[in-house]
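Only one structure is covered here, and it is reproduced in the block below.
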Amino acid sequence: MTAYTALALQMETRAVNAAADPRAAIRAAIGRIAEQVGGSKAWLGRDLRLVVLPEYVLTGFPMRESFAEWRDKAALDPGGPEYEALAGIAARHEVYLCVNAYERDEHFPELYFQASVILSPQGAPVLRYRRLHSMFTPSPYDVWERYLEVYGIDGVLPVARTEIGNLAVLASEEILMPELARALALRGAEVFCHPTSEASSPALTPKAIARRARAVENLAYVVSANSGGLRGIPIPGDSTNGGSEVLDHQGRVLAQAGAGESLVAAAELDVGVLRRLRRRPGMGNLLSRVKTGLWAEEYARHDGERPGGLSQGARDRAWFAARQVEAIERLYGPGDQSGSEDSNT
């Protein structure tokens, strides 16, 4: 099957930061996902084979919680009941389901990671990707040597080869990182699942521009699911609301949702067409023209963010901010950091 319908399912996120029973709130979110995936399948028809959910749709994101507090409150166990319930949804409705969640890891008990997991129509995980770029959340890069020992580079940059195409994940702001998308495309990725929770606007935002660029650069589809509102924390709830979209390999919008919970961002993907284009010589076949040897050598010259910063254990939020300042000074020399930005994720 090379042609099928993909859906960026736009759902409201209900944060668990102040919830009296965070686990009950997570179970309730899974119940809403079950209802909306089922309703979407009934509405869009049997050709619906891929559903991408918004970023951290089960929990929202940590605000000022410590690693230990957020891990205990909101992180899932990879083989736990929440993933079992989500796998049941994928199996029941015969879809590949991409869900983004915080999760624990027995090999790194002091930490948690932000993971994107793709569950198959058989109810099995076919991909588990841990986000590599995040301001205040631990990543595999922060425990680099040990992570590679446990999972290998294929566990860091996974691509799931399925009957609906080769699937990979870019989480949230990672759509702004061209190197990650290019690496996954060189590994065979044809469809980028993009769970996100971002400011939406009638004008093109940086992430919206980046989605179009990543699609064109890599001859790939992008299925981007944004939140349909964010409740339960003290920011305006519609700041992250709307704009979920499906893009083709030329960066064209195939479908786009407005505000609120919505199944409007659904469109047909034809991986067979994409594969023919990737094998066709020409200026537009950018993947085949990448000078990998040149860029490997040039990147090695520059000292940016260093790996292994959490190899000795958890740190507080201040350490993440200080690490970025240090990287900026290595790249550009010391200077005024008064204009630095803050981010919760």
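By convention here, the first residue in the shown sequence is residue 1. Remember, it's a predicted structure, so these values are computed and weren't measured experimentally. What you see below is based on every heavy atom in this structure, not just the backbone, and it leaves out hydrogens, waters and symmetry mates.
- In terms of modelled atom types and a separation under 3.5 Å, the side chain of Glu94 and the main chain of Pro121 share no donor-acceptor contact.
- Residues Gly258 and Gln10 come closest through the heavy atom pair O-NE2, 2.7 Å.
- The cluster map of Ile, Leu, Val, Met, Phe, Trp and Tyr, joined by side-chain heavy atoms under 4.5 Å apart, puts Leu48 and Trp43 in the same cluster.
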Subject >> Full working for side-chain hydrogen bond (donor to acceptor under 3.5 Å, both in side chains) between Asn100 and Ser116 >> reply: CA-CA 4 Å; Asn100 179 277; Ser116 294; 3.0 Å; yes
Subject >> Test log, rule side-chain contact (heavy atoms from CB on, under 4.5 Å), inputs Arg32 and Glu12 >> reply: CA-CA 10 Å; Arg32 294 195 302 275; Glu12 181 181 83; 5.8 Å; no
**OP:** Determine, step by step, whether Thr137 and Gln114 satisfy the side-chain hydrogen bond (donor to acceptor under 3.5 Å, both in side chains) criterion, reporting the C-alpha distance in whole Å, the side-chain angles of both residues, the deciding distance to 0.1 Å, and the verdict.
**Re:** CA-CA 7 Å; Thr137 291; Gln114 189 184 14; 5.3 Å; no
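- Phe136 carries Arg317 over the face of its six-membered ring, with the cationic atom under 6.0 Å from the centre and within 45° of the normal.
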**OP:** Test Leu219 against Leu286 for side-chain contact (heavy atoms from CB on, under 4.5 Å), laying out the working first.
**Re:** CA-CA 8 Å; Leu219 282 175; Leu286 299 180; over 6 Å; no
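- Note on residues 270-283: pairs passing side chain to side chain donor-acceptor pair (under 3.5 Å), not counting sequence neighbours, are Glu190-Arg275.
- Minimum heavy-atom separation, Pro234 to Met63: CD-CE, 4.5 Å.
- When Cys98, Pro140, Cys193, Pro158 are each tested for a side-chain contact (heavy atoms from CB on, under 4.5 Å) with Tyr129, only one passes: Pro158.
- Annotation: the span from Leu167 atom CG to Leu50 atom CG amounts to 6.0 Å, rounded to 0.5 Å.
- Residues satisfying the salt bridge (Lys or Arg N to Asp or Glu O under 4.0 Å) criterion with Asp72, sequence neighbours excluded, are absent altogether.
- With hydrophobic clusters built from ILVMFWY side chains whose heavy atoms lie under 4.5 angstrom apart, Ile175 does not share a cluster with Ile209.
- Under the 6.0 Å distance and 45° angle rule, Arg130 counts as a cation-pi partner of Tyr151.
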**OP:** Report the C-alpha distance between Lys73 and Asp21 in whole Å, list the side-chain angles of each, state the deciding distance to 0.1 Å, and finish with yes or no for salt bridge (charged side-chain N to carboxylate O under 4.0 Å, His left out).
**Re:** CA-CA 9 Å; Lys73 179 182 293 186; Asp21 187 344; over 6 Å; no
**OP:** Start with the C-alpha gap between Lys291 and Glu298, add the side-chain angles, then the distance that decides, and say whether salt bridge (charged side-chain N to carboxylate O under 4.0 Å, His left out) holds.
**Re:** CA-CA 11 Å; Lys291 295 172 173 57; Glu298 178 59 23; over 6 Å; no
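- Between Phe67 and Phe320, the two ring planes are perpendicular [angle over 60°; tilted spans 30° to 60°].
- Listed for the Asp47 side chain is no donor-acceptor partner under 3.5 Å among the backbone atoms of Thr5.
- Glu145 contributes no side-chain N or O that, together with a main-chain N or O of Gly308, makes up a donor-acceptor pair within less than 3.5 Å.
- Side-chain atoms of Leu186 and Leu287, non-hydrogen and from C-beta on, do get closer than 4.5 Å to each other.
- Arg182 and Glu179 are not joined by a salt bridge, as no carboxylate oxygen comes within less than 4.0 angstrom of a charged side-chain nitrogen.
- Using a cutoff of 4.0 Å between basic side-chain nitrogens and carboxylate oxygens, Arg128 and Asp105 are not scored as salt-bridged.
- Thr13 approaches Val57 most closely through the heavy-atom pair OG1-CA, 3.7 Å.
- Not a single donor-acceptor pair under 3.5 Å links the side chain of Glu245 to the backbone N or O of Leu254.
- Remark: the backbone N or O of Ile164 is not paired with any side-chain donor or acceptor of Tyr96 at under 3.5 angstrom.
- The minimum heavy-atom distance linking Thr205 with Ala199 is given by the pair CG2-O, 3.9 Å.
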Subject >> Worked check of side-chain contact (heavy atoms from CB on, under 4.5 Å) between Leu247 and Phe192 >> reply: CA-CA 10 Å; Leu247 307 174; Phe192 290 130; over 6 Å; no
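- Tyr147 and Phe108 have parallel rings, their planes meeting at less than 30° on a 0 to 90° scale where 60° marks the start of perpendicular.
- Summarising the geometry of Ala75 relative to Arg23, their closest heavy-atom pair is O-NH2, 2.8 Å, with the distance given to 0.1 Å.
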**OP:** Test Val159 against Leu127 for side-chain contact (heavy atoms from CB on, under 4.5 Å), laying out the working first.
**Re:** CA-CA 7 Å; Val159 175; Leu127 180 147; 5.5 Å; no
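- Salt bridge status for Glu149 with Arg146: present, with a side-chain N to carboxylate O gap under 4.0 Å.
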